[in-house]
Protein chains: 2
Amino acid sequence: MTTDPMTRRDIPDATVARLPGYLRALHPLVSAGVEVVSSEELATIAGVRSAGLRKDLSYLGSYGVRGVGYDVERLASEITRQLGLQHPWSVAIIGMGNLGHALAAYSGFATRGFKVQWLVDRDPAVVGTTIAGMQVVDFEQFAASVTEQVIAVISTPPVAAQEVADAVVALGVRSILNFAPGVLNVPAHTQVRKVDLATELQILAFHEQRGKDDARLGADGIEASG
Amino acid sequence: MTTDPMTRRDIPDATVARLPGYLRALHPLVSAGVEVVSSEELATIAGVRSAGLRKDLSYLGSYGVRGVGYDVERLASEITRQLGLQHPWSVAIIGMGNLGHALAAYSGFATRGFKVQWLVDRDPAVVGTTIAGMQVVDFEQFAASVTEQVIAVISTPPVAAQEVADAVVALGVRSILNFAPGVLNVPAHTQVRKVDLATELQILAFHEQRGKDDARLGADGIEASG
DNA sequence: GCCTGTGAACCATTTCACAGCC
DNA sequence: GGCTGTGAAATGGTTCACAGGC
């Protein structure tokens with residue numbers, strides 16, 4: 001294994017999806033001044049298995065010490081670096097309905113590496129109002145002021161989502177978080193992640209209906225789900 | 001393959017997670033009075049591949065006709081049945097901050113098989129107020145009035161989430177949708193699904209940073225992401 | 001001829017189990 | 001002695017390609 005820090009390792013998608021969880025599990029340890037953590041301990045906090053955690057971390061390189069554990073601070077900063085969170089990313093929230101409103105006010109973005117920079121809506125009655133301390137602008141104002149890389153959050157009604165996606169892609173946006181149910185057609189280089197609230201409930205309904213009590217992770221009947 | 005309609009087939013999790021998308025793709029077809037759809041057409045609408053769609057549907061049984069396609073209405077009702085959505089599920093939203101507020105007003109729940117029946121908060125200043133046409137109650141009132149099966153949506157601050165989870169599990173709740181970042185410890189028979197908004201952005205940030213332009217699904221550079 | 005249903009091949013991810021190192 | 005890092009095995013999921021039936 002080359003230790004060259006510039007090697008672009010190929011980190012599996014499944015691992016990438018768990019890194020944010022590890023980072024969040026590490027934060028209280030950093031704050032508490034804990035120096036070292038074992039894969040077993042961290043896995044428990046993060047709600048995964050220790051073997052999986054070790055494999056995940058091994059894709060980032062060798063940041064642990066055998067017989068000891070992982071240096072908390074070093075590991076946190078390495079994951080931060082891998083996720084590209086050294087400096088905050090700009091976020092534009094497009095669609096200022098109930099959900100856009102809530103997202104604008106959500107403090108979790110700021111604490112985890114994101115700066116909501118634009119609130120965008122097309123309704124003239126909403127444009128110009130202040131939400132969570134920010135002025136809502138229309139799409140033209142947004143388009144005119146975007147210069148840097150930005151992540152677009154689409155919280156419009158479903159019918160407008162594709163149109164908005166096309167428009168932000170035309171502005172050069174390459175990352176979209178979509179709350180509108182339905183499929184977005186975007187160019188291949190554009191990353192889209194979808195959050196569909198009703199779908200989540202429907203998946204729960206399926207299991208609830210089946211009474212599917214899968215007793216995985218048995219222990220004393222407690223399963224960590226995070 | 002037994003065609004016994006009472007056979008409890010084992011539907012893979014990955015398939016279950018896609019069924020809601022198929023159902024939503026079917027709805028406009030049902031409304032438009034389309035009688036039959038091919039796996040190719042439906043797959044395009046749903047943003048998946050036709051072979052995968054056919055395999056998914058094969059787990060539900062044989063509801064297509066070779067050389068013809070799938071009966072739209074029959075397939076929709078079969079998926080509805082499999083997901084357990086013949087009658088609406090009751091939902092309790094716990095935590096009436098910005099997000100809980102938005103969820104209470106979200107029309108997508110009602111249209112996709114759910115009835116928000118309780119809005120719950122612990123803040124005496126919020127309890128008794130009306131949000132989206134419903135009275136907010138405190139946890140005791142909620143606990144006293146739950147009789148049927150209910151899905152709990154946790155939209156409290158992170159620090160309260162575990163406590164709320166314990167409380168609803170004690171009430172007999174077996175399905176939780178959790179918006180609070182962090183791990184929930186619940187008994188093994190309890191289903192938890194998590195939506196972590198900052199995590200989604202962090203995953204996007206990773207790819208944005210890498211400029212990972214994976215040209216999968218090439219065609220003319222358009223990729224469906226739904 | 002056409003489109004579903006499905007084994008078989010392939011690929012990704014998870015888990016196991018232990019060698020390697022402190 | 002203890003804990004990481006990782007090949008190897010097992011599992012789960014996706015894609016291929018074609019047989020089967022209209």
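Sequence lines set the chain letters: A, B, ... in the order given, protein chains first and strands last, and positions in each chain run from 1.
The main-chain N or O of B:Asn185 is found under 3.5 Å from a side-chain atom of B:Gln162 such that the two form a donor-acceptor pair.
Atom pair B:Glu40:CD and D:dT15:C1' shows a separation of 14 Å (rounding to whole Å applied). Separating the CG atom of B:Leu75 from the P atom of C:dC3 is a distance of 17 Å, rounded to the nearest angstrom. In this entry the distance linking CD of A:Glu78 with C1' of D:dT4 reads 16 Å, nearest Å. When rounded to the nearest whole Å, the span between CG of A:Leu57 and P of D:dT6 equals 11 Å. For the pair A:Leu42 CG and D:dC3 P, the interatomic distance rounds to 14 Å; values are reported in whole Å. We find that OH of A:Tyr70 is positioned 12 Å from P of D:dC3, with the value rounded to whole Å. Summarising the geometry, the separation between CG on B:Leu53 and P on D:dC16 is reported as 15 Å, rounded to the nearest angstrom. Summarising the geometry, the separation between CG on B:Asp10 and C1' on D:dG12 is reported as 12 Å, rounded to the nearest angstrom.
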Take B:Glu40 and B:Ser50, measure what side-chain hydrogen bond (donor to acceptor under 3.5 Å, both in side chains) needs, and give me the verdict at the end.
CA-CA 5 Å; B:Glu40 196 64 41; B:Ser50 62; 3.1 Å; yes
Residues A:Arg193, A:Ser175; criterion side-chain hydrogen bond (donor to acceptor under 3.5 Å, both in side chains); working and verdict:
CA-CA 8 Å; A:Arg193 292 191 65 85; A:Ser175 298; over 6 Å; no
Could you run down nucleotides 12-22 of chain C 5' to 3' and tag each one B, S or - for protein heavy-atom contact under 4.0 Å?
-SSB-B-BBBB
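Look at B:Ser39 and you'll find a side-chain N or O under 4.0 angstrom from OP1 or OP2 of C:dT4. For C:dC3, the OP1/OP2 oxygens have no side-chain nitrogen or oxygen of B:Ser38 closer than 4.0 Å.
Every residue was checked against the side chain to side chain donor-acceptor pair (under 3.5 Å) condition with A:Asn178, not counting sequence neighbours, and none meets it.
Residues A:Glu148 and A:Gln117 form a side-chain contact, since some pair of their non-hydrogen atoms from C-beta on lies under 4.5 Å apart.
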Scan the side chains in residues 149-160 of chain B for donor-acceptor partners under 3.5 Å anywhere in the protein, sequence neighbours excluded, and list what turns up.
| unit_1 | atom_1 | unit_2 | atom_2 | d |
| --- | --- | --- | --- | --- |
| B:Gln149 | NE2 | A:Glu208 | OE2 | 3.0 |
| B:Ser155 | OG | B:Ile94 | O | 3.2 |
| B:Ser155 | OG | B:Gly95 | O | 2.8 |

